[in-house]
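In what follows, a single structure is set out as structure tokens and then discussed.
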Number of protein chains: 4
Amino acid sequence: MNKNKNSKRRQELVAIAARLFCDQGYETTTVRTLAAEMGIQSGSLFHHFKDKQEILFAVIESGMLHAMEIARQALCEAQTPEERLHALAQAHLSTLLQDRDAHVVAIYEWRSLTDLSRAHLVELRDAYESIWREVIYECQQAGLVPDDQGLRRRLALGALNWTVQWYRPDGPLRPEDLAQTLVDMLLGRSPL
Amino acid sequence: MNKNKNSKRRQELVAIAARLFCDQGYETTTVRTLAAEMGIQSGSLFHHFKDKQEILFAVIESGMLHAMEIARQALCEAQTPEERLHALAQAHLSTLLQDRDAHVVAIYEWRSLTDLSRAHLVELRDAYESIWREVIYECQQAGLVPDDQGLRRRLALGALNWTVQWYRPDGPLRPEDLAQTLVDMLLGRSPL
Amino acid sequence: MNKNKNSKRRQELVAIAARLFCDQGYETTTVRTLAAEMGIQSGSLFHHFKDKQEILFAVIESGMLHAMEIARQALCEAQTPEERLHALAQAHLSTLLQDRDAHVVAIYEWRSLTDLSRAHLVELRDAYESIWREVIYECQQAGLVPDDQGLRRRLALGALNWTVQWYRPDGPLRPEDLAQTLVDMLLGRSPL
Amino acid sequence: MNKNKNSKRRQELVAIAARLFCDQGYETTTVRTLAAEMGIQSGSLFHHFKDKQEILFAVIESGMLHAMEIARQALCEAQTPEERLHALAQAHLSTLLQDRDAHVVAIYEWRSLTDLSRAHLVELRDAYESIWREVIYECQQAGLVPDDQGLRRRLALGALNWTVQWYRPDGPLRPEDLAQTLVDMLLGRSPL
DNA sequence: AATGAATGAGGCTTCATTCAT
DNA sequence: TATGAATGAAGCCTCATTCAT
């Protein structure tokens with residue numbers, strides 16, 4: 001099995017799998033379909049991945065790692081708590097759009113992961129959410145957001161994640177508007 | 001096949017299916033498992049439902065019909081736009097908790113429906129969302145919410161729906177707090 | 001799955017499997033071939049047996065149970081130690097010929113059993129061998145066979161078992177001759 | 001492919017294959033496992049052997065050639081018919097113990113050989129058995145063994161071959177005792 | 001001699017569904 | 001309504017073998 005987990009080729013295969021899992025669902029996507037779309041034979045798939053499940057893991061992991069990276073970069077350039085919150089929301093939307101397939105898969109196919117894989121990804125998710133926790137905490141310290149045991153943070157993240165259900169980048173709504181409205185809601189502001 | 005779609009027995013079976021589909025996923029739950037949990041043989045299942053897929057449809061439909069009913073009742077007793085918005089959010093949370101299984105299934109297994117079934121359920125969903133649209137419109141007319149092409153409504157509904165991912169009724173958070181915070185965010189209020 | 005382990009139908013299937021496993025080997029015999037020879041579809045096989053391995057177990061177990069039964073019956077009618085020894089050898093040869101398939105499979109495919117199955121069959125085998133141990137012990141007490149820690153017993157049983165490799169019932173050698181010669185060798189006699 | 005069939009390297013590989021085939025069975029041992037134990041990659045294996053099956057052939061052939069060699073040497077030093085019979089039994093046991101892997105494989109995996117390979121090995125086996133035939137014949141001429149169309153020879157060889165099933169060199173029984181008892185049984189003697 | 005990715009046929013097993021009882 | 005044996009298509013995965021490097 002090809003152990004080079006970050007090879008260009010592998011990343012391509014993961015992207016293709018992400019698309020298929022997103023479109024058809026993990027259980028419904030057959031190994032043969034995966035292979036066909038990748039331009040290889042079904043047997044060859046198992047040189048790259050131990051399991052069908054390992055492909056699922058790779059898809060979700062790649063989405064999460066990317067999300068983390070983008071969030072970190074976005075925060076580097078932001079200063080005030082509010083700016084940082086805004087940057088984070090923007091970054092979140094960016095990955096959601098850029099790696100939509102992977103994130104949709106993460107949401108829908110979480111259950112199909114093995115316990116071990118899931119445990120590993122839970123760590124990643126916790127790491128990501130702790131970034132949000134931190135930024136929200138800064139906002140609280142600055143008196144911008146009430147201390148509500150993370151309630152607003154959870155609602156906001158939920159609202160963001162749910163956007164994959166309805167948001168289409170080719171619609172009239174710009175991502176910036178989305179992020180702005182989200183921040184407004186979090187901070188208890190109304191544009192009126 | 002039992003044509004009496006609302007028979008007590010059938011509703012029991014649907015509830016059992018909802019639980020299994022929610023816990024294990026639609027694709028992963030076998031007809032045999034369904035039958036076993038229902039206390040019958042797998043062959044007998046097909047006297048109650050034409051298809052495995054029809055069971056899925058019944059599960060989701062029942063959740064949606066229930067949601068609609070609860071929403072309508074809640075609105076009957078509410079007067080001002082804000083009260084009505086609050087009542088709606090509360091009602092939404094209620095079904096989400098009461099019929100959690102069915103709603104989780106609706107979210108996760110939407111894809112496994114046949115086109116025909118999906119079309120029918122889309123109608124139901126649209127009917128439900130139009131209730132929200134209406135109430136939000138009333139709030140806009142009252143100057144409580146900005147006119148943003150449904151953006152806030154969508155974010156709010158997303159935030160609510162996402163609660164099935166993390167909200168546990170046995171935790172410290174009461175559903176009322178959730179509904180209140182949600183309304184606050186929608187209306188651009190901060191408890192600070 | 002059909003739980004009636006002694007049904008006529010099941011015994012037929014086991015006999016067919018025995019023949020195939022004997023002729024082609026367990027690993028080499030495919031489930032599809034098994035099913036085809038049984039006149040059913042490959043999927044139907046799994047109503048009767050949980051596993052391919054369970055078929056192997058059933059084949060070997062049936063051979064062993066039969067061997068035990070025949071040995072017990074033969075001993076009922078024999079009196080003196082030597083008669084009993086002779087009856088036992090004769091009985092052993094009988095099963096070896098009657099259930100040749102099953103016994104060949106037992107010898108060759110022992111390794112393919114699961115640990116659990118093997119443990120169960122080891123008990124059966126031990127029970128069978130203890131019959132031999134007993135009869136040989138009677139012969140020792142009667143001064144017919146030396147006490148050699150079971151060495152002659154083992155050599156004799158080995159010689160018998162090996163007959164499946166070369167003995168053909170349609171040859172010039174009668175089973176009785178075989179049994180007689182075996183007993184002669186065990187008792188240290190020569191026809192000269 | 002390496003045409004030097006007797007190269008040191010090749011003999012090593014054959015010995016490793018013998019061990020694996022003996023422990024896991026021919027069908028169950030994968031080419032990858034073979035290669036791994038040999039310290040090479042699976043592709044490289046095919047530079048040494050045309051086929052997986054050719055490895056099996058090499059294993060069995062080597063065991064047989066060795067057996068023949070040891071038998072011939074043993075007979076060189078023996079004089080009387082009985083001495084020669086004893087030497088032969090002793091030699092047989094020696095190879096059975098020395099090359100246990102190869103002989104076990106010969107017994108169990110005979111079926112997996114191609115017809116061509118099998119035919120070649122049948123010649124070797126016949127050559128070996130004719131040595132036994134000869135020595136037994138000498139014993140017959142000397143009045144030590146009855147003329148029974150090879151029945152005692154076959155039983156004796158079977159008893160010997162079967163020893164691989166139960167004999168362990170680290171047990172209380174010495175190979176010499178085994179050989180002696182075997183000869184006694186063949187010649188119709190009892191130590192009593 | 002060696003590598004190791006790729007092949008592609010084929011293996012075991014599962015599963016929704018049917019149908020005679 | 002209920003049963004449960006049978007179906008047969010399809011799923012995931014393995015494995016001996018090849019071939020360009």
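- The pair A:E109-A:K52 fails the salt-bridge criterion, with no side-chain N (NZ, NE, NH1 or NH2) lying under 4.0 Å from an Asp/Glu carboxylate O.
- Under a 3.5 Å cut-off, the side chain of C:E54 and the backbone N or O of C:K50 do form a donor-acceptor pair.
- Within 4.0 Å of C:L45, counting heavy atoms only, lies no atom of the nucleic acid at all.
- Between B:S44 and F:dT3 there is a side-chain N or O to OP1 or OP2 distance below 4.0 Å.
- Taking B:Q98 as the reference, nothing meets the side-chain hydrogen bond (donor to acceptor under 3.5 Å, both in side chains) condition, with sequence neighbours excluded.
- The nearest whole Å value for the distance from the CD1 atom in D:I40 to the P atom in F:dA16 is 14 Å.
- If you check the side chains of D:E27 and C:T28, you find a donor sitting under 3.5 Å from an acceptor.
- Residue B:Q41 has a polar side-chain atom (N or O) positioned under 4.0 Å from OP1 or OP2 of F:dG4.
- In this entry the distance linking CZ of D:F49 with C1' of F:dT18 reads 18 Å, nearest Å.
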Under the 3.5 Å Watson-Crick or G-U criterion, the dot-bracket string of DNA chain E, with | for inter-strand pairs: .||||||||||||||||||||
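- With salt bridges taken as basic N to acidic carboxylate O contacts below 4.0 Å, none links D:E12 and D:R19.
- Summarising the geometry, the separation between CD on A:E54 and C1' on F:dC12 is reported as 15 Å, rounded to the nearest angstrom.
- In this structure, A:L56 atom CG and F:dC13 atom P are separated by 12 Å, rounded to whole Å.
- Of the residues in residues 20-37 of chain C, those lying under 4.0 Å from DNA chain E by heavy-atom distance are C:T29, C:T30, C:V31, C:R32.
- A cation-pi contact links C:R111 to D:Y108, judged by a cut-off of 6.0 Å to the six-membered ring centre and 45° from its axis.
- Whole-Å rounding puts the D:D51 CG to F:dA16 C1' distance at 9 Å.
- Atom NZ of B:K50 is separated from atom C1' of E:dT18 by 14 Å (rounded to the nearest Å).
- If you find the closest nucleotide of DNA chain F to D:K52 and to A:S42, the one lying nearer the 5' end belongs to A:S42.
- Contact between A:A102 and A:G63 at its shortest, heavy atoms only, is CB-CA, 3.9 Å.
- By the 6.0 Å and 45° rule, A:R118 does not stack over the aromatic ring of A:F57.
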Shorter than 3.5 Å, N or O on both sides, protein versus nucleotides 19-21 of chain E: list them out with atom names.
none

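- Going from atom CZ of C:F46 over to atom P of F:dA9 covers 17 Å, rounded to whole Å.
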Trace of the side chain to side chain contact (heavy atoms under 4.5 Å, CB included) decision for D:F21 with D:I16: CA-CA 9 Å; D:F21 288 163; D:I16 291 170; over 6 Å; no
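- Listed by chain and number, the residues in a side-chain hydrogen bond (donor to acceptor under 3.5 Å, both in side chains) with D:H120 amount to none (sequence neighbours excluded).
- Distance C:H48 NE2 to E:dC12 P: 17 Å, rounded to the nearest Å.
- Applying the side-chain contact (heavy atoms from CB on, under 4.5 Å) test to D:E123 and every residue at least two apart in sequence or in another chain returns nothing.
- Counting only N and O atoms by type, the side chains of B:S112 and B:Q53 include no donor and acceptor under 3.5 Å apart.
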